[in-house]
Each structure stands twice: as C-alpha cells, then as structure tokens.
Protein chains: 2
Amino acid sequence: MPRPRQALLNRDRIVETALALIDADGLGALSTRRLAAALGVQGPSLYNHFATKDEILDAVADSVTASVDVSVFDRYDWVEALRRWARSYREALAAHPNIVPYLAQGPGRRPAALAMADAVYGALVRAGWPPARATHIGAALRYFVAGSALGSFARGFVEDPELYAAHPHLNQAHRLRGHQHSVDEGAFTLGLDALLHGLAAEYARTVAPLERGSGPG
Amino acid sequence: MPRPRQALLNRDRIVETALALIDADGLGALSTRRLAAALGVQGPSLYNHFATKDEILDAVADSVTASVDVSVFDRYDWVEALRRWARSYREALAAHPNIVPYLAQGPGRRPAALAMADAVYGALVRAGWPPARATHIGAALRYFVAGSALGSFARGFVEDPELYAAHPHLNQAHRLRGHQHSVDEGAFTLGLDALLHGLAAEYARTVAPLERGSGPG
DNA sequence: GGATGAAAACTTACACCGCTAGTTTAAGGG
DNA sequence: CCCTTAAACTAGCGGTGTAAGTTTTCATCC
C-alpha cells in the first residue's frame with residue numbers, strides 16, 4: 001500500500017493508541033510493531049509522524065501531564081492550591097501508572113510539564129517564598145506525588161502469606177493488595193497533609209513576618 | 001569452552017558487574033550479552049546462575065536496598081529513626097539512581113526490601129501508631145524517598161535557556177542543572193522536615209494521649 | 001494543466017534483544 | 001570408576017528499534 005488517499009495516521013491517533021496499549025499491557029509491552037498493528041498499519045509507518053519511539057513516549061507523557069489542573073494557582077492561596085494541584089497531579093498519574101516511570105524523569109522539553117512547573121513556581125514566589133525555597137517546595141511535592149504514583153505501595157507486596165513468615169511484623173502484609181485503594185489513598189492523604197502542615201509552619205516562621213506591610217497599598 | 005576448571009561466574013560477580021553497568025550506562029543499556037561480555041563470557045552463560053534477566057535485576061535491586069541502615073529503629077525514637085532511615089535510604093538510592101525505577105515497584109520477594117519494611121512498620125507500631133496508620137506512614141515516606149531518588153529534580157530540566165523563554169517564571173531554570181546537588185538536597189531536607197513535623201503534630205494529637213500510663217509498669 | 005516535490009504508506013534488512021535447546025567437558029559423590 | 005550435575009559453549013527463534021529505498025498520492029507552482 002502506497003500513500004493512501006486519506007491518511008491513516010496522525011500524531012493524536014498514535015498518542016491515544018499508545019497510551020491505551022501502555023495502560024493495558026505496560027510500558028515494556030509497547031513496541032512500534034504492536035502499536036502500528038493496533039493502528040492497522042506496518043511498524044515503520046510510525047516514523048512518518050515521529051522521529052523515534054522516545055518521541056512518541058514524550059508525547060504520551062505530556063498528554064497525561066496536560067490533564068493536571070494548574071488553574072488552582074490562580075484561585076486559591078498557596079497551601080490550598082498546592083493541596084489541590086497535588087491531588088489533581090496524582091489523579092492524572094494514577095490513571096496511567098505505567099507511564100509514570102518515564103514521565104518521572106523530569107519535564108525535559110515537554111510543554112505541558114514545563115507549563116506546570118512554571119505555574120507551581122510562580123505561585124510560590126508570588127506568595128512570598130524566596131526563589132530557592134520555591135524550587136525546593138515544588139521539587140518536594142513532585143517527589144511525593146511521583147513516588148506515590150510510581151507503583152502502588154500495596155501492589156508492591158505479594159499475596160503469599162508464607163513469604164512473610166520470617167518477618168515478625170509483616171504477618172498481615174499479604175492482605176495489603178486487597179486493600180490497595182484505601183492503603184494508597186490513606187498514605188497519600190496522610191503524607192500530603194503532613195507535608196503541607198510542615199510547610200505552613202515554616203511559612204509562618206520565616207516568610208509571613210516579612211510579608212506584613214510589604215503588600216500593595 | 002566447556003565447563004572450566006575454575007568457575008568463571010558466580011551470582012555475586014554477576015550482580016556487581018550488572019550494577020556497575022547500570023550505574024554507568026542506564027537500566028536500558030543493560031543487556032545479557034553486554035553484561036556477559038563485561039564478565040568475559042557469552043550471553044547465555046548467565047542462565048546457569050539466574051533464571052531470567054529480571055532475577056538478575058531483583059538481585060541488583062536488593063543489593064542496593066541492603067545498604068540501607070535499619071538499625072536506627074532500635075536506637076532512636078520513631079521521629080529521629082524515620083529521619084535517619086529516610087536519609088540512609090535516599091543515599092543508597094541516589095548512589096544508583098538508574099536502578100530506582102525498577103526498585104520502586106515495591107519489595108516484591110526481595111529479602112532486604114522485606115526486612116526494611118518489617119523494621120519500619122514494627123518501629124511505628126511499637127511507638128503506638130495504629131497498624132493502618134503505621135502502614136500509611138511507611139508508604140508516605142517511601143513515596144517521598146523514591147520520588148526524590150527517581151530522577152534528580154534538577155537534572156530533569158534542560159540546559160537550554162531558549163526553551164524557557166515562553167514561561168515567565170522559569171527564566172532561571174536552565175541554571176538548575178548547575179546546582180543539581182544543592183537543589184536536590186535542599187528539596188529533600190525541606191520535604192523530610194515538613195513531613196516529620198506534620199507527623200509529629202498528628203502523633204501529639206492522636207496517639208500520645210492514649211500512650212500516657214499505658215506503658216510497661 | 002502538466003511538472004515537481006513532499007508526504008505517507010509500503011517492503012526489506014540490519015544489528016541487537018531475551019531466552020531455549022542441545023553439546024561438551026570438568027567436578028564431585030556413591 | 002561411573003554417573004550425575006554444573007558451567008561453559010554454539011546455534012537459533014522470534015521479537016525489537018529504525019534505516020533505506022520504493023510506490024503512489026496530494027499540493028503547489030509555472
């Protein structure tokens with residue numbers, strides 16, 4: 001089949017299908033030939049639309065990042081905005097956990113990831129945090145969110161009671177998988193609350209005193 | 001070459017060499033053939049010592065986990081123990097960042113990872129945290145540590161000023177790579193302090209009141 | 001409106017991948 | 001001493017990313 005009258009592929013369709021395959025079978029199971037087959041096409045045809053497989057993965061990763069709500073930074077104070085952003089970020093990643101190891105390498109050159117970094121950093125500086133501190137806070141939150149989405153904590157444990165016999169405190173660990181959602185959710189909420197609580201305390205101690213009277217007016 | 005008089009391979013040598021290759025060239029660059037070549041041997045010979053490549057990676061991951069200091073849980077109160085454990089954990093991972101995506105999938109059946117989970121969970125329960133809460137705390141800390149080691153935050157940004165021109169707050173982002181260590185370290189310290197501060201606050205509110213008078217005596 | 005060049009599919013092919021099967025020889029136990 | 005097991009080998013299978021070159025169609029310009 002030479003050039004068809006109606007193009008069979010376009011970047012969006014490739015990205016959508018790739019994400020679906022990654023969700024279904026994992027990052028390792030995505031090959032150019034399998035992806036092409038799912039699109040009704042031969043493997044090398046993809047290279048008319050993307051230069052490398054990594055470029056496809058970049059586009060997939062950015063499509064996930066794009067679904068994170070960063071508008072919260074315009075509508076809430078920095079603590080509440082961070083809380084809502086972190087939740088939205090985690091939801092976006094948890095919906096596609098298999099792409100997280102790739103995505104977590106950093107924003108690189110992905111536009112949605114850069115826009116998100118910009119929004120977070122900007123909001124923190126606007127709130128009065130010194131630039132270096134704002135960077136640290138953004139990084140710390142990203143650490144936590146990425147870690148929480150990277151692999152389910154609960155799914156990391158095997159459903160085999162015998163395995164835990166030698167470990168005195170893990171005798172219930174084989175049940176974790178059954179409570180995966182509540183474990184992962186509870187850990188995330190606890191950690192996020194603790195992090196924000198701690199950050200608010202530092203803000204009150206180091207930033208707020210300087211802010212008083214330095215506002216507009 | 002048939003069975004040699006002196007065995008050329010053993011599991012430890014394979015694991016060491018694999019870790020060195022992963023450190024040097026990344027997880028993706030480790031192939032059985034390359035690993036074998038580095039050991040002066042043909043690819044399939046590895047399968048006399050490990051059943052699959054994943055089994056090799058499991059052993060590599062566990063050798064990294066094994067260097068985490070969990071003795072702190074016997075020597076310090078829970079807050080200080082968590083702080084020191086998290087630092088030791090992060091140091092271990094940050095020394096071999098390329099294996100982290102694999103390792104972060106959870107303990108699975110790896111003995112050192114299980115021993116670590118046991119120590120953390122046991123110490124928290126001993127301190128009076130309810131079991132479910134202890135699980136959450138261990139998970140939250142692991143999220144944060146794994147996220148921080150997964151990819152350097154600073155290294156996630158490209159050293160190309162033009163890329164950030166469109167983002168009003170990122171005009172200094174291209175300098176992040178140059179301050180990688182201080183950025184990553186600062187973010188980790190800030191986040192860890194905030195997390196522990198928040199946890200201590202919740203402990204004082206919910207656990208400590210019950211502990212009073214319920215100790216051995 | 002016919003020539004021209006780019007675009008989008010194709011086929012073929014290369015080097016590499018994880019791993020299996022079968023072979024050879026040495027080591028070690030009865 | 002024999003026999004099993006172990007540890008290296010070679011050969012090879014099906015799969016991978018992607019480069020190269022082919023064919024045909026579409027869009028554009030004189």
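The figures that follow rest on heavy atoms only: side chains count, while hydrogens, waters and symmetry mates do not. By convention in this document, chain letters (A, B, ...) are assigned in the order of the sequence lines, proteins followed by strands, and residues within each chain are numbered from 1.
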Review point. Rounding to a whole Å, what distance do you find between A/Arg34:CZ and D/dG15:C1'?
Key: 12 Å
Review point. Less than 3.5 Å between a donor and an acceptor, one on the side chain of A/Arg33 and one on the base of D/dG15, is that the case here?
Key: no
Exercise for review: Give a yes/no answer on whether the side chain of A/Thr32 brings an N or O atom under 4.0 Å of OP1 or OP2 in D/dT16.
Suggested key: no
Study note, to complete from the structure: By side-chain contact (heavy atoms from CB on, under 4.5 Å), A/Asp69 pairs with (sequence neighbours left out) A/Ser71, A/Val72, A/Arg75, A/Ser88
Point to revise | For B/Arg11, salt bridge (Lys or Arg N to Asp or Glu O under 4.0 Å) partners two or more places apart | key: none
Review point. Which part of the nucleic acid, if any, lies within reach of A/Ser31 when heavy atoms closer than 4.0 Å are counted: base, sugar-phosphate only, or nothing?
Key: sugar-phosphate
Check your understanding: Within the structure shown, what part of the strands sits under 4.0 Å from B/Leu30 by heavy-atom distance: base, sugar-phosphate, or nothing?
Key -> sugar-phosphate
Check your understanding: Going by heavy atoms closer than 4.0 Å, what residues in residues 42-55 of chain B are next to DNA chain C?
Key -> B/Pro44, B/Tyr47, B/Thr52, B/Lys53
Practice item. Could you list the residues that satisfy salt bridge (Lys or Arg N to Asp or Glu O under 4.0 Å) with B/Asp118, not counting sequence neighbours? Key: none
Study note, to complete from the structure: With sequence neighbours left out, the residues meeting side-chain contact (heavy atoms from CB on, under 4.5 Å) with A/Ala94 are none
Check your understanding: What are the residues of residues 9-22 of chain B, sorted by number, that bring a heavy atom to within less than 4.0 Å of DNA chain D?
Key -> B/Leu9
Point to revise | Listed partners of A/Glu159 passing salt bridge (Lys or Arg N to Asp or Glu O under 4.0 Å), at least two apart | key: A/Arg177
Practice item. Could you tell me whether A/Asp58 and A/Arg109 make a salt bridge, using a distance below 4.0 angstrom between a side-chain N and a carboxylate O? Key: no
**Study point:** Value in whole Å for how far the P atom of C/dG18 lies from CG of B/Leu35
**Key:** 9 Å
Validation: residues 135-145 of chain B side-chain donor-acceptor distances under 3.5 Å, sequence neighbours left out:
unit_1: B/Thr135; atom_1: OG1; unit_2: B/Pro131; atom_2: O; d: 3.2
unit_1: B/His136; atom_1: ND1; unit_2: B/Arg133; atom_2: NH1; d: 3.3

Point to revise | Results of salt bridge (Lys or Arg N to Asp or Glu O under 4.0 Å) for A/Arg87 - residues two or more places apart only | key: A/Glu185
